[in-house]
Amino acid sequence: MNRRPIILDGDPGHDDAIAWMLAKACPELEILAVTSVCGNQTVEKVSYNARRVCTLLGIDAPIAKGKRSPLVGPEMNAPSVHGESGLDGPPLPEPVMELDELSSVNLMAKILRESDRKVTIVATGPLTNVAALLLSHPELKERIEEISFMGGGIAYGNWTPAAEFNILVDPEAAKIVTGSGIPLIMSGLDVTEKALMMPEDFERVRAVGGQVAQIVADWLEFFYGFHKTLGYEGAPMHDPCAVAVLVHPELFQLKELCVEVETQGEYCRGTTVGHDRKPANARVNLGVDRSAFADLLIEAVKTYKEDSHE
Ligand code: RIB
Ligand code: CA
């Protein structure tokens, strides 16, 4: 199989962790590196979480610490959603690996330079690291196959009425990425809020058995706990969409649009405006076969049963 080489860049984060679980389970994907970015929690906390998640899942790839703060704006975290640790809920194994001595940007650049194939970046947090990579190594743009990112929302926001969290944390970074000319798949709230894992799906995950299944079910329960207070029927699998669309695009509805990011504005900073009045710069993910998507996540959990990474 001709596997797609990827870099996972995120701010784990419950849904980042589930996205990484899916990525590791997909034989179509080859994880070359993991980079943390400040978002759901501080970069120190999400870097520790990244090491714990990679230990649990058996992801054998270098892990580098990302940017401490957004390119321009203030740091913004989401303890109300992911807890003080950034990954509250079930206890996790202590990391078996240290952070790479390189920064996230330098590790990404090293991977891009050394890979014999173009590399896909799967970004599930603010786009700070990705933008910093493009700013400091513009010559490496051609080594990037595409960027599949969770962020934005054509119809609405979540952290503000107009802006989704990942984009709002670093709109300047998102503007750099959407203006880069690199092929983009944007999985924003338009699709991720339809990609729900329902409480009955949590039990299907738990029924798989084994350490990873129990922890993923606990992550889902915790993540749903916040969203239930807002009236959600299930846990929105924001970040897993950015992975799933790469391996099963047939489950999604993609539309070519021009996506532009608002970096000014008192009320609309971080808004992603999608339209067809200029040439398209992204394939925007607008819909999903929810049931098939849930089945995909559950099948992914099953791959850990045999060689559970105790
Ligand atoms: O708005 C959802 C996004 O913000 C997800 O990536 C979640 O992990 C948080 O980072
Ligand atoms: Ca995230």
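When reading the values below, keep in mind they use all heavy atoms of this one structure, side chains included, and skip hydrogens, waters and symmetry mates.
More than 12 heavy atoms of other shown residues, nucleotides or ligands fall within 6.0 angstrom of atom CD in E200. The number of heavy-atom neighbours closer than 6.0 Å to CD of E139, taken from other residues, nucleotides and ligands shown, is above 12. Enclosure of atom CD in E250 by more than 12 non-hydrogen atoms of other residues, nucleotides or ligands within 6.0 angstrom is indicated.
A donor and an acceptor atom, one from each side chain of Y48 and Q41, are nowhere located under 3.5 Å apart. Looking only at atom types and distance, the side chain of S36 has a donor-acceptor partner in the side chain of S47 under 3.5 Å away. With no hydrogens or angles considered, a side-chain donor-acceptor pair links N40 and H82 at under 3.5 Å. Between the side chains of D170 and T128, a donor-acceptor pair is found at a separation under 3.5 Å. A donor-acceptor contact closer than 3.5 angstrom is absent between the side chains of H238 and E193. Side chain to side chain, Y304 and Q211 fail the donor-acceptor criterion of an N or O pair below 3.5 Å.
What you find for C26 and V247 is that their closest heavy atoms are SG-CG2, 3.9 Å. The minimum heavy-atom distance between T271 and A163, with the atom names listed, is N-CB, 4.0 Å. Of all non-hydrogen atoms in P12 and V46, the two that sit nearest each other are O-CG1, 3.5 Å. Here the closest non-hydrogen pair linking L32 and P5 is CD1-CB, 3.5 Å. Between L297 and P240, the closest heavy-atom pair is CD2-CB, 4.2 Å. Across all their heavy atoms, P62 and D100 have their closest contact at CB-OD2, 3.5 Å.
Inter-residue side-chain proximity for H137 and M108 is flagged as unmet; no heavy-atom pair is nearer than 4.5 Å. Proximity of M197 to F202: side-chain heavy atoms (C-beta onward) are separated by under 4.5 Å at one or more points. Residues L133 and I121 are in side-chain contact: their nearest non-hydrogen atoms beyond the backbone lie under 4.5 Å apart. With a 4.5 Å cut-off on side-chain heavy atoms, S187 and F149 do not count as touching. The shortest distance between side-chain heavy atoms of V81 and F223 falls below 4.5 Å. At a threshold of 4.5 Å between non-hydrogen side-chain atoms, the residues E146 and L184 do not count as touching. Using a 4.5 Å heavy-atom cutoff, the side chains of S148 and V243 are not in contact. Side chains of R4 and V119 form no contact here, defined as non-hydrogen atoms less than 4.5 Å apart.
Under the 4.0 Å criterion applied to side-chain N and carboxylate O atoms, E172 and K175 are not assigned as salt-bridge partners. Under the 4.0 Å criterion applied to side-chain N and carboxylate O atoms, D295 and R204 are assigned as salt-bridge partners. Look at E114 and K110 and you find a salt bridge, because one of the NZ, NE, NH1 or NH2 atoms lies within 4.0 Å of a carboxylate O, short of that distance. Remark: R206 engages D218 in a salt bridge, criterion side-chain N to carboxylate O under 4.0 Å. A salt bridge links R117 with E30: at least one charged nitrogen is closer than 4.0 Å to a carboxylate oxygen. Remark: E44 engages K65 in a salt bridge, criterion side-chain N to carboxylate O under 4.0 Å. Using a cut-off of 4.0 Å between Lys/Arg side-chain N and Asp/Glu carboxylate O, R51 and E94 are scored as not salt-bridged. Using a cut-off of 4.0 Å between Lys/Arg side-chain N and Asp/Glu carboxylate O, R290 and D201 are scored as salt-bridged.
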**OP:** Apply side chain to side chain contact (heavy atoms under 4.5 Å, CB included) to I144 and L140, showing your working.
**Re:** CA-CA 7 Å; I144 301 172; L140 294 176; 5.9 Å; no
Original post:
Stepwise, does the side chain to side chain contact (heavy atoms under 4.5 Å, CB included) test hold for V288 with T192?
Top reply: CA-CA 8 Å; V288 62; T192 68; over 6 Å; no
**OP:** For L286 and V191, run side chain to side chain contact (heavy atoms under 4.5 Å, CB included): C-alpha distance rounded to whole Å, both residues' side-chain angles, the deciding distance at 0.1 Å, then the answer.
**Re:** CA-CA 5 Å; L286 297 172; V191 63; 5.8 Å; no
Subject >> side chain to side chain contact (heavy atoms under 4.5 Å, CB included) evaluation trace for Y267 with T160 >> reply: CA-CA 8 Å; Y267 304 108; T160 71; over 6 Å; no
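Judged by distance alone, the side chain of N285 and the main-chain N or O of L254 form no donor-acceptor pair under 3.5 Å. The backbone N or O of M150 sits less than 3.5 Å from a side-chain atom of N166, completing a donor-acceptor pair. Between the side chain of D16 and the backbone N or O of D11, at least one donor-acceptor pair lies under 3.5 Å. Side-chain atoms of N129 never come within 3.5 Å of backbone atoms of V105 as a donor-acceptor pair (strictly under, hydrogens ignored). Looking at H275, its side chain does come within 3.5 Å of a backbone N or O of R277 through a donor-acceptor pair. When atom types are taken as modelled, the side chain of S104 and the backbone of T35 share no donor-acceptor pair closer than 3.5 angstrom. Proximity of a side-chain donor or acceptor of R68 to a complementary backbone N or O of C38 within less than 3.5 Å is not detected. Between the side chain of E145 and the backbone N or O of T120 there is no donor-acceptor pair closer than 3.5 Å. Side chain of K67 to main chain of A132: no donor-acceptor pair is present (N/O by atom type, distance under 3.5 Å, no hydrogens or angles). With S115 contributing its side chain and I111 its backbone, the two residues share no donor-acceptor pair below 3.5 Å.
Hydrophobic clustering of Ile, Leu, Val, Met, Phe, Trp and Tyr side chains at less than 4.5 Å, counting indirect connections, unites L220 with L56. In this structure, L246 is a member of the same hydrophobic cluster as M237, with clusters built from ILVMFWY side-chain heavy atoms closer than 4.5 Å. Taking hydrophobic clusters as Ile, Leu, Val, Met, Phe, Trp and Tyr residues chained together by side-chain heavy-atom distances below 4.5 Å, W219 shares a cluster with L296. In the hydrophobic cluster analysis, where Ile, Leu, Val, Met, Phe, Trp and Tyr join through side-chain heavy atoms closer than 4.5 angstrom, I6 is grouped apart from V130. With hydrophobic clusters built from ILVMFWY side chains whose heavy atoms lie under 4.5 angstrom apart, W159 does not share a cluster with V72.
Note that CG of L189 and CZ of F165 are 12.0 Å apart. Values are rounded to the nearest 0.5 Å. One finds the CG atom of D239 at 4.0 Å from the OG1 atom of T124 (value rounded to the nearest 0.5 Å). Taken to the nearest 0.5 Å, the CD atom of E84 stands 8.5 Å off from the CG atom of N77. Put simply, CG on D9 and CD1 on I147 are 10.0 Å apart, with the number rounded to the nearest 0.5 Å. Considering OG of S291 and CE of M198, their distance stands at 10.0 Å, rounded to 0.5 Å. Between atom CD of residue E142 and atom CD1 of residue I182 there is a gap of 10.5 Å, rounded to the nearest 0.5 Å.
Ring-plane geometry between F222 and H14 is classed as parallel, the angle between the planes falling under 30 degrees on a 0 to 90 degree scale with a further cut at 60.
If you look at Y232 and Y224, their ring centroids are not closer than 6.0 Å.
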